[in-house]
Enquirer: 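Here it is: the structure, laid out below.
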Amino acid sequence: MATGIRKTGEFCWINMLTPQPDAAREFFARLLGWTYVEMPGVGHRVQVGGRDVGGLFDLASPQTPPGTPPHIGVMVKVGSADATVERVKALGGTAQPAFDIFDQGRMAVCFDPNGAAFDVWEPKQGEGMDADSSLRGAPSWFESMTTDVDRAAKFYSALFGWIIEPMPMDDFTYTLFKLGDAYVGGMMAITPDMGELAPHWGTYFTVDDADAVARDAPALGATVYIPPMDVPGVGRFCGIVSPQGVPFMVMQYSE
């Protein structure tokens, strides 16, 4: 589990874009225990254990491209946002020009060669999340669903220095990403039974009891789209869509 300021090459922040942000804050506060700090005129910082983990913003903001669905964006810490943009393009992805977020840092919106979006963050005054990922409600795992596993694996390995570690399962192979000795995320192929699912990054949040969360979520207006199930050697998880349409996962870790 990650603790303290995240290292270069690690996921360091999440950004939720949601309709009805007031209702969304209430939902996640009740389900995951989130607290918030208002950023007047911008949105809210999301906190776990008094530490920042991300931001929650109104999907209807003028800065949001038309047609953007409710989602949780992920951000990876880098040494230079501008250099990373050029590297993304050289490796077959696409990227928008980097820009400053006040005096906090410099970021860029990027897409891997299969189309999955991710952001990169060059910190200045804002280092990103430093919450203990083992705490209830903290982002603790990041997972890409993709159409071409080999292509994406080579891209992220070259971009961030992630080590690729295939993990055979019963009927498919799960790809693990490591940075040094630490696991930072995973990836799996989109299969036909998943429907018209576009490549994307998803976020898991730590919970104490995945079954209890799966029971509580519908009572709060959410939908459980993946029922609780075990991941051998890891824990128990389920997939949820918030009442505002934001998909996410929760994980009850076995250790």
Enquirer: For the atom pair CG (Leu17) and CD (Gln244), what is the distance rounded to the nearest 0.5 Å?
Expert: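 Spacing of CG (Leu17) from CD (Gln244) equals 13.0 Å.
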Enquirer: Let me see the working for Phe99 and Met107 under side-chain contact (heavy atoms from CB on, under 4.5 Å), right down to the final yes or no.
Expert: CA-CA 6 Å; Phe99 57 95; Met107 70 168 286; 3.5 Å; yes
Enquirer: Locate the shortest heavy-atom distance separating Gly55 from Val46; write the atom from each residue and the value.
Expert: C-CG2, 4.0 Å
Enquirer: Locate the shortest heavy-atom distance separating Ala24 from Pro19; write the atom from each residue and the value.
Expert: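 Looking at all heavy atoms of both residues, the closest pair is CB-O, 4.4 Å.
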Enquirer: In terms of hydrophobic clustering (I, L, V, M, F, W, Y; side-chain heavy atoms under 4.5 Å; direct or indirect links), are Met145 and Trp162 co-clustered?
Expert: no
Enquirer: Side chains of Asn114 and Phe155: does their closest heavy-atom pair fall under 4.5 Å?
Expert: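 In short, these two side chains do not touch, never coming nearer than 4.5 Å.
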Enquirer: Rounded to the nearest 0.5 Å, what's the gap from CD1 on Ile72 to CD1 on Ile14? Could you check?
Expert: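 If we round to the nearest 0.5 Å, Ile72:CD1 and Ile14:CD1 are 5.5 Å apart.
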Enquirer: Any donor and acceptor pair, going by atom type alone, linking the side chain of Asp230 with main-chain N or O of Pro232 inside 3.5 Å?
Expert: no
Enquirer: Can you pull out every side chain to side chain donor-acceptor pair (under 3.5 Å) where at least one residue sits in residues 190-206? Sequence neighbours excluded, please.
Expert: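 Listed by first then second residue: Ser140-Thr206, Glu143-Tyr204, Tyr156-Trp201, Thr191-Asp193.
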Enquirer: Do any side-chain atoms of residues 87-95 form donor-acceptor pairs under 3.5 angstrom with protein atoms, and if so which ones, sequence neighbours left out?
Expert:
from: Lys89; atom 1: NZ; to: Glu86; atom 2: OE2; distance (Å): 3.3

Enquirer: Parallel, tilted or perpendicular: which describes the rings of Phe28 and Trp34, with under 30° parallel and over 60° perpendicular?
Expert: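 Aromatic pair Phe28/Trp34 classed parallel.
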Enquirer: Rounded to the nearest 0.5 Å, what separation is found between the CD atom of Gln104 and the CD atom of Glu127?
Expert: 10.0 Å
Enquirer: Just distance, no hydrogens or angles: give the donor-acceptor pairs under 3.5 Å from side chains in residues 117-125, sequence neighbours left out.
Expert:
from: Trp121; atom 1: NE1; to: Gly126; atom 2: O; distance (Å): 2.8
from: Glu122; atom 1: OE1; to: Ala81; atom 2: N; distance (Å): 3.0
from: Lys124; atom 1: NZ; to: Asp100; atom 2: OD1; distance (Å): 3.2

